[in-house]
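Before any comments, here is the structure.
One is the number of the first residue; the rest follow in order along the sequence. Since we're looking at a predicted model, the values are computed, not measured. We use all heavy atoms of the structure for the numbers below, so side chains are in, but hydrogens, waters and symmetry mates are not.
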Amino acid sequence: MKKLTPLVLAAAFGALTFTSCKKDYTCDCKVNGESVIKYDIKNAKKKDAEAACEGYSITTAVGSYSCSLN
C-alpha cells in the first residue's frame with residue numbers, strides 16, 4: 001500500500017498539470033490607437049482566445065482596426 005501511494009499522487013499531479021485552463025477573456029479593439037469596442041471571449045484557452053481576438057483585426061486604406069487581449 002505504501003508503494004502505491006506515491007504512484008497515485010504522481011498520477012494525480014500529472015493529470016492536474018496537463019489540464020487546460022479555460023476562462024473568460026476581453027478583446028480590446030482600437031482604431032488608430034483609440035479604444036472603440038471590446039469583445040468578451042468566454043470559456044476559452046488563452047491561445048484560442050488570442051487567435052479569435054486577432055481575427056477581429058483589419059487594415060484598410062482609411063485606417064487600422066487592431067485587437068488584442070487585455
Cluster overlap Val36 with Tyr39, hydrophobic side-chain contacts below 4.5 Å: yes
Where do Leu69 and Lys46 come nearest, in terms of heavy atoms and distance? CD1-O, 4.2 Å
After noting the C-alpha distance and the side-chain angles of Cys67 and Asp28, does the key distance pass the side chain to side chain contact (heavy atoms under 4.5 Å, CB included) rule? CA-CA 5 Å; Cys67 303; Asp28 186 23; over 6 Å; no
Do you know the tightest heavy-atom contact between Ile41 and Ala49? CD1-O, 3.6 Å
Step-by-step side-chain hydrogen bond (donor to acceptor under 3.5 Å, both in side chains) determination, Asn70 to Thr26: CA-CA 6 Å; Asn70 279 345; Thr26 301; 5.7 Å; no
Let me check something: do Ile58 and Ile37 share a hydrophobic cluster, defined by ILVMFWY side-chain heavy atoms less than 4.5 Å apart, either directly or through other members? yes
Asn32 side chain reached by Ser64 side chain, heavy atoms, under 4.5 Å: yes
Quick check: are the SG atoms of Cys53 and Cys27 less than 2.5 Å apart? yes
Please name the pair of heavy atoms, one in Lys38 and one in Ser35, separated by the smallest distance, quoted to 0.1 Å. CE-OG, 4.2 Å
